[in-house]
Participant: 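Pasting a structure below so you can have a look.
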Amino acid sequence: MKKVFVTGGAGYIGSICTEYLLNHGYEVTVFDGLFTGHRKAVDPRANFIYGDLEDRDFLFKCLCEEQYDAVMHFAAFSLVGESMTNPGKYFKNNLGNAINLADAAIKGGVKRFVFSSTAATFGNPTEVPICETTPQNPINPYGESKLCFEKALRWYSDVHGLKYAALRYFNAAGASEKFGEDHNPESHLIPILLQVAAGKRDHAMLFGDDYDTPDGTCIRDYIHVLDLAQAHEKALYAPESGHYNLGTGSGYSVKQILDAARKVTGHPIPAQVVPRRPGDPPTLIACSDKARSVLGWKPQFEDPELIIESAWKWRLAHPNGYED
């Protein structure tokens, strides 16, 4: 398996997965409309196609002119808060455009489909850590749109024989030496904390300190983006279609991550508590035993300080993100 078609390869996770695949001998074509991604985030060794997943004809043309072994689908909108105010935007892109891609993959004879899913499909989980069998009850349109496409993939597998792996990852963070996280607006905790340390923000905001957790702030399972990239490559060889949770199995609160960022950067990082955001569960921690046993996945960066350190090095090298 050598030729991989990557949608969203100009985005944060897609760019680093593209880099990882190229470093491991794959030929990669990145398909991206640069709605939220960055052209400079596309590894120069990759082929690049500027395109919109909404354009079915062009998408079919791309996947039929070349014979790809697999599709990796990262292109999605992912802001929980925005999904709560504009659900149509999320279902149109995260479900409708993903179906366009699946149809094009079938037409082009693609045999493997690796889907970037999310822990948001679980909503407020009934058990922690969260297993693949934990009931999925999304509490925001973002998670619901991802779950809808997971269900669609099961039928594409049954009807068309398209083997898929849906990777439900938790809180992606960190950077490679070349590529990192640069969103506008930024909504993720670690890059926001680092923006404060770098002088780009006056302070960070902690969304709620009254959750049912030891220190009152949300607990999350932070996973290094390079470990995610490794899992995506492993998923190309999954023995059968299925779903995999990706996390370290350890949970850290917002305040613990704040303290770790202060230690790594040496900056006080002022923080202000503000009201909760709608749609935020108190605790999300993964059980990733299935990925470890079935895919042979072995995360390399399980210490949050190592994750933050890699992101901080990238931020120092790119103080203005990809605008540099």
Participant: Centroid separation under 6.0 Å, is that true for the rings of Phe149 and Phe115?
Facilitator: yes
Participant: Indicate if Val4 and Phe179 have the same hydrophobic cluster label, given that clusters are the connected sets of ILVMFWY residues with side-chain heavy-atom separations under 4.5 angstrom.
Facilitator: yes
Participant: Under the criterion side chain to side chain donor-acceptor pair (under 3.5 Å), I'd like the reasoning laid out for Asp215 against Ser253: C-alpha separation, chi angles, the key distance, then a yes or no.
Facilitator: CA-CA 8 Å; Asp215 65 18; Ser253 73; 2.5 Å; yes
Participant: Can you name the ring pair (Phe, Tyr, Trp, His ring centres under 6.0 Å) partners of Phe170, sequence neighbours left out?
Facilitator: none
Participant: Please round to the nearest 0.5 Å and tell me the distance separating atom CD1 of Ile190 and atom CD of Glu181.
Facilitator: 8.0 Å
Participant: For the pair Asp103 and Arg56, find out whether any cationic side-chain nitrogen is under 4.0 Å from an anionic carboxylate oxygen.
Facilitator: yes
Participant: Do Glu323 and Lys40 pass the side-chain contact (heavy atoms from CB on, under 4.5 Å) test, and can you show the C-alpha distance, the side-chain angles, and the key distance before you say yes or no?
Facilitator: CA-CA 9 Å; Glu323 290 182 7; Lys40 291 181 180 178; over 6 Å; no
Participant: Indicate yes or no for a side-chain donor-acceptor contact from Asn47 to the backbone of Val30 under 3.5 Å, with no hydrogens or angles considered.
Facilitator: no
Participant: Can you give me the closest heavy-atom contact between Gln300 and Lys298, atom names plus distance?
Facilitator: NE2-O, 2.7 Å
Participant: First locate atom CD1 of Ile308, then atom CZ of Arg262, and finally report the distance between them rounded to the nearest 0.5 Å.
Facilitator: 11.5 Å
Participant: Output the distance between atom CD1 (Ile192) and atom CZ (Arg201), rounded to the nearest 0.5 Å.
Facilitator: 4.5 Å
Participant: So if you build clusters from Ile, Leu, Val, Met, Phe, Trp, Tyr with side-chain heavy-atom gaps below 4.5 Å, do Leu22 and Tyr12 land together?
Facilitator: yes
Participant: Using a 4.5 Å cut-off on heavy atoms from C-beta on, say whether the side chain of Asn124 contacts that of Asn137.
Facilitator: no
Participant: Would Leu236 and Val28 show up in the same hydrophobic cluster when neighbours are defined by side-chain heavy atoms closer than 4.5 Å?
Facilitator: yes
Participant: Quick one: does any side-chain atom of Asp227 pair with a main-chain N or O of Phe301 as donor and acceptor, under 3.5 Å?
Facilitator: yes
Participant: Residues two or more places apart in sequence or in another chain: which of them pass ring pair (Phe, Tyr, Trp, His ring centres under 6.0 Å) with Tyr20?
Facilitator: His24
Participant: One thing to verify: whether Arg168 and Glu150 come together as a salt bridge, which I'm taking to mean a side-chain N less than 4.0 angstrom from a carboxylate O.
Facilitator: yes
Participant: For the aromatic rings, using the six-membered ring if either is Trp, is the centroid distance between Tyr164 and His243 under 6.0 Å?
Facilitator: yes
Participant: Under a 4.5 Å cut-off applied to non-hydrogen side-chain atoms, are Val114 and Val71 in contact?
Facilitator: no
Participant: Is Pro299 close to His224 at the side-chain level, that is, under 4.5 Å between some pair of heavy atoms?
Facilitator: no
Participant: When you compare the side chains of Asn140 and Arg277, does any donor N or O come within less than 3.5 Å of an acceptor on the partner?
Facilitator: no
Participant: Between the side chains of His73 and Ser116, is a donor N or O closer than 3.5 angstrom to an acceptor N or O?
Facilitator: no
Participant: Would the distance check show the side chain of Glu186 and the main-chain N or O of His188 forming a donor-acceptor pair, the cut-off being under 3.5 Å?
Facilitator: yes
Participant: Answer yes or no on whether Arg276 is positioned over the face of Tyr211, meaning its NZ or CZ is under 6.0 Å from the six-membered ring centre and within 45° of the axis.
Facilitator: yes
Participant: Quick check: closest heavy atoms across Arg112 and Ala238, and the distance to 0.1 Å?
Facilitator: NH1-O, 2.6 Å
Participant: Going through the distances and angles, do Lys151 and Cys148 end up as a side-chain contact (heavy atoms from CB on, under 4.5 Å)?
Facilitator: CA-CA 5 Å; Lys151 292 180 177 180; Cys148 285; 5.9 Å; no
Participant: What's the separation between atom CD1 in Ile219 and atom CG in Asn171, rounded to the nearest 0.5 Å?
Facilitator: 12.0 Å
Participant: List in chain and number order the residues that pass side chain to side chain donor-acceptor pair (under 3.5 Å) with Ser241, two or more places apart in sequence or in another chain; answer none if no residue qualifies.
Facilitator: Ser157
Participant: Could Glu177 and Lys313 be called an ion pair, given the rule that one side-chain N must be under 4.0 Å from one carboxylate O?
Facilitator: no
Participant: Strictly distance-based, threshold 3.5 Å: is any side-chain N or O of Thr18 a donor or acceptor partner for the main-chain N or O of Gly14?
Facilitator: yes
Participant: Can you name the closest pair of heavy atoms from Arg39 and Leu34 and give their distance?
Facilitator: N-CD2, 3.8 Å
Participant: Can you give me the closest heavy-atom contact between Leu189 and Tyr222, atom names plus distance?
Facilitator: CD2-OH, 3.4 Å
Participant: Rounded to the nearest 0.5 Å, what's the gap from OH on Tyr142 to OG1 on Thr121? Could you check?
Facilitator: 9.0 Å
Participant: Under a 4.0 Å threshold between the charged nitrogen and the carboxylate oxygen, would Glu65 count as salt-bridged to Lys61?
Facilitator: yes
Participant: Counting C-beta onward and ignoring hydrogens, is there a side-chain heavy-atom pair between Val196 and Pro270 closer than 4.5 Å?
Facilitator: yes
Participant: In this structure, is the centre-to-centre distance between the rings of Tyr322 and His183 below 6.0 Å?
Facilitator: no
Participant: Does one hydrophobic cluster hold both Phe74 and Ile49, with members joined at side-chain heavy-atom distances below 4.5 Å?
Facilitator: no
Participant: Working note: Leu193 + Ile257, criterion side-chain contact (heavy atoms from CB on, under 4.5 Å); need CA distance, chi angles, decisive distance, verdict.
Facilitator: CA-CA 9 Å; Leu193 297 178; Ile257 294 298; 3.9 Å; yes
Participant: Going by distance alone, is a donor N or O of one side chain under 3.5 Å from an acceptor N or O of the other, for Thr248 and Asp221?
Facilitator: yes
Participant: Within 45 degrees of the axis of the six-membered ring of Phe77 and under 6.0 Å from its centre: does Lys89 put its NZ or CZ there?
Facilitator: yes
Participant: Find the distance between CG (Asn23) and CD (Glu233) and round it off to the nearest 0.5 Å.
Facilitator: 11.0 Å
Participant: I'd like to know whether Asn86 forms a side-chain contact (heavy atoms from CB on, under 4.5 Å) with Phe91, so could you lay out the CA-CA distance, the side-chain angles of the two residues, the decisive distance to 0.1 Å, and finally the verdict.
Facilitator: CA-CA 9 Å; Asn86 190 0; Phe91 285 104; over 6 Å; no
Participant: Is Lys163 salt-bridged to Glu240, going by a charged N under 4.0 Å from an acidic O?
Facilitator: no
Participant: Is it the case that the side chain of Glu54 and the backbone of Asn97 share a donor-acceptor pair, with hydrogens and angles ignored and the cut-off at 3.5 Å?
Facilitator: no
Participant: Would you mind reporting whether Ser117 and Leu167 have side-chain heavy atoms less than 4.5 Å apart?
Facilitator: no
Participant: Please confirm whether the ring centroid of Phe5 lies under 6.0 Å from the ring centroid of Phe31.
Facilitator: yes
Participant: Is the cationic atom of Lys3 (NZ for Lys, CZ for Arg) positioned less than 6.0 Å from the six-membered ring centroid of Tyr68 and within 45 degrees of its normal?
Facilitator: yes
Participant: Does some side-chain heavy atom of Leu101 sit less than 4.5 Å from a side-chain heavy atom of Leu63?
Facilitator: yes
Participant: Minimum heavy-atom separation for Thr213 to Pro282, with atom names?
Facilitator: CG2-O, 4.0 Å
Participant: Does any N or O in the side chain of Asp52 come within less than 3.5 Å of the main-chain N or O of Gly33, such that one atom is a donor and the other an acceptor?
Facilitator: no
Participant: Quick one about Tyr90 and Glu82 (side-chain donor to acceptor, distance below 3.5 Å, no hydrogens or angles considered), yes or no?
Facilitator: yes
Participant: Here's one to test your reading of the geometry: is the NZ or CZ of Lys107 within 45 degrees of the ring axis of Phe60 and under 6.0 Å from its centre?
Facilitator: no
Participant: Mind telling me whether His318 and Trp314 have parallel, tilted or perpendicular rings, with 30° and 60° as the class edges?
Facilitator: parallel
Participant: Where do Glu19 and Arg45 land on the salt bridge (Lys or Arg N to Asp or Glu O under 4.0 Å) test, with the steps shown first?
Facilitator: CA-CA 8 Å; Glu19 178 191 25; Arg45 295 171 293 171; 5.2 Å; no
Participant: Could you pull out the closest heavy-atom pair between Asp32 and Ala10, with the gap in Å?
Facilitator: OD2-N, 3.0 Å
Participant: Under 4.5 Å between side-chain heavy atoms, hopping through other hydrophobics if needed: is there a path connecting Leu21 to Val110?
Facilitator: no
Participant: Heavy-atom count check: over 12 atoms from other residues, nucleotides or ligands less than 6.0 Å from Asp202 CG?
Facilitator: no
